[in-house]
Amino acid sequence: MTYGISLDIGTSGTRAHGVDLDDGKILSTAMTVCHPLPGANIMDHLTFCIRNGNDLAHRILIDTANKVISNLNIDLSEVERVSICGNPIQLSLFQGIPVDDLAFAGKNAHRARNITEQKRDAGVFDASAVGLNVPDGTELYVPPAIRHEIGADALAMMYKSGFLDQKENCMVTDYGTNAEMALKVGDNIYTGSAAAGPAMEGQSIRFGMLAAPGAISDLKYDFGWKCMVLNDDMDAMPGDKYDFGLEMCTDEDVMHGKAKGITGTGVVAAVSAAMDSNLWKKGRLTTSSAKLVMQDGVYIDSKDISEAAKAIGAIRAGHFALLEHAGIKFSDLDIMYLAGASGTYVDAVKARNIGLVPPSCTKLYQIGNTSLSLATDILRRPELLDELQETANQIRSNHVMFATDKIFEEIYIQELAYWDEGMTMESYNANLALSGIQSLPAPAGTPEVFRIVTRDIPDLGKYGLKILDDIGTELVGRFEGCVKCGKCVNECPEKALSMDPDGTFRVKTKKCLGTACYRCQMQCPQKAYKYDAFRMV
């Protein structure tokens, strides 16, 4: 028997299938529940790479990939093909390609730093030469980026969803920390990537976690809000029921697995529940405890909802900005494709109600993990790589850099005021009108939801799913002037930081939120602690 391995190198973790190349069947699945580099978004990973070196980032990613594939329950000595998919930064780090052309945007920045723009076309490489523990000469198939900012993962969501063949105006979004999105209007495609932050993956939330067994993934209303908890097969099963207004559990005898935390889709459901119950006003929860208490001690507080609101606002502003750049109204857009784990497990109606889906869309398709799915298709049919390159060449994409886009900036300012300051939607739209931007309509009616898959990874294979926790590395630092007060350690929200008795600090990269956090450094009363001084032993 000969085997293939498909890999999705994602911002929030790595997923893999072991595949029987004789019949194309998926045999097994393995995944991590976080990324091995510090941080929860691509900018954190880029920063780590620039400051600590491309080689170190590459070695950490490859070490993780080797741990993942070693848990696929296949004979790695019989692997003939490997295929990967992901965004340009993750694939570049995986292959050992320099990423400075991605870190610094624009030709002027490239000239000033003597940066060479890398080619990221489709190609076949030697998987063992990259560092994977597979036989020498094993073919590594890499799909193309459309442009250097628009990667193979964006191509995957367009290709696998049917977006490219859709005749009507439509939009697709991979809901995650960087929320890649595309709008198709006629033959034109407008793309963007909203830095939604880690809340969409359940991170930067007190009890947050990525989608994994034990995660509360949804809340369903049944004369009270019933928790839905992911089981060992990643299926959402009924849990306890709560009345958030009365702050009491009404259904404690239901048999279910213990909840360990809440994932991004559960956070979306909690925000929707708070708004439906009129419990969120002027940036805070109005329950007596200022919390939405769920089962097994898991809860959401006002700070958590504020974190989620930043993500919701960024994604809505991204969708809104693409419509403005395309010159169409919300009423011209009816079809939405939701990709990725969050896009699969989220209640699509709740997502539309709180702003994660354009309010005009009445046909919502939930399509799963398109990145891993496309990588698996390439394993089964290697000639697909040439077709994907041709498709990438033909796509006429207008990429909007939200970081520098004035339309996005104006909309996002209104989003922050709406969520955190309690600004009314009337004022929101009035402010946009002053800038010549169309109004945001309220959601109308109940949309049709087409759940194409029940899990983001539909087929786990006969050997099932293996989840890995032993990934990443440890960074070490010592700081002159440190008085060992421990305030930095106590401040770390992810418990990634520890201190030895001799004053040596250690950071577990898989838990650390990286440069997006810096709470450890900001807490130091002596100003001695320097996060950027940490190094791998």
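As a basis for the values below, the full set of heavy atoms in this structure was taken, side chains included, without hydrogen atoms, waters or symmetry mates.
For the atom pair CG (Leu379) and CZ (Arg381), the distance works out to 12.5 Å, reported to the nearest 0.5 Å. In this structure, Met171 CE and Leu183 CG are separated by 4.5 Å, a value rounded to the nearest 0.5 Å. Separating the CG atom in Asp174 from the CE atom in Met158 is a distance of 11.0 Å, to the nearest 0.5 Å. Thr362 contributes atom OG1, which lies 7.5 Å from atom CZ of Arg352 (distance to the nearest 0.5 angstrom). In this structure, OG1 on Thr191 lies 7.0 Å from CD1 on Ile146, to the nearest 0.5 angstrom. Separating the SG atom in Cys227 from the CD atom in Gln295 is a distance of 4.5 Å, to the nearest 0.5 Å.
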(request) Might you work through the side chain to side chain contact (heavy atoms under 4.5 Å, CB included) test for His319 and Thr173, ending with a clear yes or no? (result) CA-CA 9 Å; His319 291 160; Thr173 297; 2.9 Å; yes
(request) Please assess Lys226 against Asp240 for the test salt bridge (charged side-chain N to carboxylate O under 4.0 Å, His left out), listing each intermediate value before the final yes or no. (result) CA-CA 6 Å; Lys226 184 180 288 293; Asp240 287 339; over 6 Å; no
(request) Go through the steps for Leu374 and Tyr159 under the test side chain to side chain contact (heavy atoms under 4.5 Å, CB included), then give the verdict. (result) CA-CA 8 Å; Leu374 182 65; Tyr159 183 87; 3.9 Å; yes
(message) Is there a side chain to side chain contact (heavy atoms under 4.5 Å, CB included) between Thr32 and Thr64? Walk through the geometry before answering.
(response) CA-CA 8 Å; Thr32 68; Thr64 296; 3.9 Å; yes
(request) Go through the steps for Arg120 and Asp101 under the test salt bridge (charged side-chain N to carboxylate O under 4.0 Å, His left out), then give the verdict. (result) CA-CA 12 Å; Arg120 294 180 173 88; Asp101 63 322; 2.8 Å; yes
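A donor and an acceptor atom, one from each side chain of Tyr345 and Gln366, are nowhere located under 3.5 Å apart. Side-chain atoms of Asp8 and His17 include no donor-acceptor pair closer than 3.5 Å. A donor-acceptor contact closer than 3.5 angstrom links the side chains of Asn87 and Thr11.
Across all non-hydrogen atoms, the minimal contact from Ser373 to Lys160 is OG-CE, 3.0 Å. The nearest pair of heavy atoms linking Ile315 to Met181 is O-CE, 4.0 Å. Smallest separation of non-hydrogen atoms from Ser161 and Tyr337: O-CE2, 3.4 Å. A pairwise comparison of heavy atoms in Pro143 and Cys85 identifies CG-SG, 4.2 Å as the closest pair. Annotation for Leu465 and Asp232: closest pair CD2-O, 4.2 Å, computed over non-hydrogen atoms.
Within 6.0 Å of the CD atom in Glu387, the count of heavy atoms belonging to other residues, nucleotides or ligands exceeds 12.
For the pair Asp304 and Arg206, the salt-bridge criterion is not met [side-chain N within less than 4.0 Å of a carboxylate O]. A salt bridge links Arg455 with Asp235; the closest basic N to acidic carboxylate O contact falls under 4.0 Å. A salt bridge does not link Asp276 with Lys350: none of the charged nitrogens is closer than 4.0 Å to a carboxylate oxygen. Salt-bridge formation is detected for the pair Asp218/Lys220: a Lys NZ or Arg NE/NH1/NH2 atom is positioned less than 4.0 Å from an Asp or Glu carboxylate oxygen.
By the 30° and 60° cut-offs, the orientation of the rings of Tyr242 relative to Phe244 is parallel. Using cut-offs of 30° and 60° for the angle between ring planes, the His35 and His45 rings count as parallel. Ring geometry, Tyr365 versus Phe450: the interplanar angle falls under 30°, so the pair is classed parallel (tilted spans 30 to 60°).
Here the two rings, on Phe320 and Phe408, have centers that are 6.0 Å apart or farther.
Not a single donor-acceptor pair under 3.5 Å links the side chain of Asp456 to the backbone N or O of Gly368. The backbone N or O of Ile328 lies less than 3.5 Å from no partner atom in the side chain of Asp332, so there is not a single donor-acceptor pair. Using a distance-only test at 3.5 Å, with no hydrogens or angles considered, a donor-acceptor pair links the side chain of Ser92 to the main chain of Pro88. Distance alone, capped at 3.5 Å, is enough to place a donor-acceptor pair between the Thr29 side chain and the Leu460 backbone. Looking at Ser272, its side chain never comes within 3.5 Å of a backbone N or O of Val268 through a donor-acceptor pair. Listed for the Ser83 side chain is a donor-acceptor partner under 3.5 Å among the backbone atoms of Ala375.
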